[in-house]
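Keep in mind the model is a prediction, meaning the values are calculated, not measured.
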Amino acid sequence: MAGILGQNTVTYTEAMMAILEGQVQDDRVNPDSTAYAVLDPGYIADAVITAIDTPWGVSLGDITVRAAGDGYIL
C-alpha cells in the first residue's frame, strides 16, 4: 500500500480500520461527499458498464475509478 499511498499510508490505514470497525459516521462513508473514502463494488460495476456501453464511434483510452477521498497519490 505504501507505493500508492506514500506519505498518506499511516493516516489512510488508520481511517480504513476505523471505517471497517464502524467507528466512522462522517463524510468519509457518504458516497455523495467529496471526502468519500471507500468505493462500494456497485460503483465500480457502474463505471465498467458505462465503459462497455460507450458508442462504437468513441475511443476510450483510459479509465480511473477512485473514491474522491481515497488518499492515493498515483
Side-chain angles (χ1 to χ4, degrees):
M1 291 296 292
I4 60 174
L5 291 169
Q7 70 273 13
N8 298 331
T9 301
V10 173
T11 55
Y12 181 81
T13 303
E14 290 171 352
M16 289 303 108
M17 292 304 295
I19 289 170
L20 289 172
E21 294 169 357
Q23 299 172 357
V24 174
Q25 298 301 320
D26 59 19
D27 283 344
R28 292 175 290 179
V29 293
N30 178 2
D32 293 324
S33 170
T34 57
Y36 188 52
V38 182
L39 285 180
D40 180 273
Y43 292 113
I44 297 169
D46 288 344
V48 170
I49 296 298
T50 298
I52 291 170
D53 285 344
T54 301
W56 283 106
V58 175
S59 176
L60 202 58
D62 190 16
I63 298 174
T64 302
V65 181
R66 329 173 23 170
D70 66 13
Y72 297 165
I73 59 171
L74 295 177

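M16 CE to T13 OG1: the interatomic distance, rounded to the nearest 0.5 Å, is 8.5 Å. Expressed to the nearest 0.5 Å, how far CD1 of I4 lies from CZ of R66 amounts to 8.5 Å. Note that the CG atom of D26 and the OH atom of Y36 stand 12.5 Å from one another [nearest 0.5 Å]. In this structure, T64 OG1 and D62 CG are separated by 5.0 Å, a value rounded to the nearest 0.5 Å. D70 contributes atom CG, which lies 8.0 Å from atom CG of L5 (distance to the nearest 0.5 angstrom).
Side chain of Y43 to main chain of A45: no donor-acceptor pair is present (N/O by atom type, distance under 3.5 Å, no hydrogens or angles). No donor-acceptor pair closer than 3.5 Å links the side chain of S33 to the backbone N or O of N30.
Residues L39 and V65 are in side-chain contact: their nearest non-hydrogen atoms beyond the backbone lie under 4.5 Å apart.
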Check your understanding: Does the pair V29 and I19 meet the rule for a side-chain contact (heavy atoms from CB on, under 4.5 Å), with working shown?
Key -> CA-CA 8 Å; V29 293; I19 289 170; 3.9 Å; yes
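Note on I44 and L60: same hydrophobic cluster, where clusters join Ile, Leu, Val, Met, Phe, Trp and Tyr whose side-chain heavy atoms are under 4.5 Å apart, directly or indirectly.
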